[in-house]
Trainee: 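Sending over a structure as structure tokens; questions will come in a sec.
The residues of the chain are indexed from 1 along the displayed sequence. Keep in mind that the numbers below use all heavy atoms, side chains included, and drop hydrogens, waters and symmetry copies. Here the structure is a predicted model, which is why all the values come from computation and not from measurement.
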Amino acid sequence: MDKNIAGRHQLFAYTHFVLLAFAITWSKAKECGQSTSSKICCSGYREINGTCRECIGYYGKDCSDPCPTGLYGKRCAESCECSVNETCNQFVGCMPKPAFGKYGKTTY
């Protein structure tokens, strides 16, 4: 019985080690280099507080380009298929178009 428990502990520790190694490797994949003062993030990422973060609503080097019409989300990888009463928001996708009520006030 003790050998069985020890084996489970070893398997548990090994699994956590593999997951940690995978997470470190995956996080480094966003970094394409390092200058003397900061990290150089890959295209589609930008540096925020020392970490390369994926662009949302933008794409390109340092997230400098807004999503083209009809695309949204992380690195503009999602496609909007909005109804006639919706518009494509570059950050979250389809959203209701504002309607103008009496006296020009916006209603939703």
Trainee: What's the separation between atom CG in Asn85 and atom CE in Met95, rounded to the nearest 0.5 Å?
Mentor: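 Here the rounded value is 14.0 Å.
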Trainee: Work out which heavy atom in Gln90 is nearest to a heavy atom in Cys67; give both atom names and the distance.
Mentor: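 Taking every non-hydrogen atom into account, O-SG, 3.8 Å.
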Trainee: Give the intermediate values and the outcome of side chain to side chain contact (heavy atoms under 4.5 Å, CB included) for residues Tyr59 and Tyr45.
Mentor: CA-CA 8 Å; Tyr59 70 102; Tyr45 294 84; over 6 Å; no
Trainee: For residues Arg75 and Glu54, determine if any side-chain heavy atom of one lies less than 4.5 Å from a side-chain heavy atom of the other.
Mentor: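 A side-chain contact under 4.5 Å exists here.
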Trainee: Mind checking whether Arg46 and Tyr58 have side chains closer than 4.5 Å, heavy atoms only?
Mentor: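 No. Closest side-chain heavy atoms not under 4.5 Å.
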Trainee: So which atom in Val92 and which in Asn89 form the shortest heavy-atom distance, rounded to 0.1 Å?
Mentor: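 So the two residues come closest at N-OD1, 3.1 Å.
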Trainee: Does the SG of Cys55 lie under 2.5 Å from the SG of Cys76?
Mentor: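 The answer is no, since Cys55 and Cys76 keep their SG atoms 2.5 Å or more apart.
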Trainee: If you measure from the SG of Cys41 to the SG of Cys52, is it under 2.5 Å?
Mentor: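 Looking at Cys52 and Cys41, their sulfur gamma atoms lie closer than 2.5 Å, so the answer is yes.
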Trainee: According to a hydrophobic-cluster definition based on side-chain heavy atoms being under 4.5 Å apart (Ile, Leu, Val, Met, Phe, Trp, Tyr only), do Leu71 and Phe91 belong together?
Mentor: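 No, Leu71 does not connect to Phe91 through the hydrophobic network.
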Trainee: Taking the SG atom of each, are Cys88 and Cys80 under 2.5 Å apart?
Mentor: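 Answer is yes, sulfur atoms closer than 2.5 Å.
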Trainee: Could you report the tightest heavy-atom contact between Val84 and Lys97, atom names first, then the distance?
Mentor: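 Val84 and Lys97 have their closest heavy atoms at O-NZ, 3.2 Å.
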Trainee: How many angstroms lie between atom CD of Glu86 and atom CD of Glu81, to the nearest 0.5 angstrom?
Mentor: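 Taking CD in Glu86 and CD in Glu81, the distance rounds to 11.0 Å.
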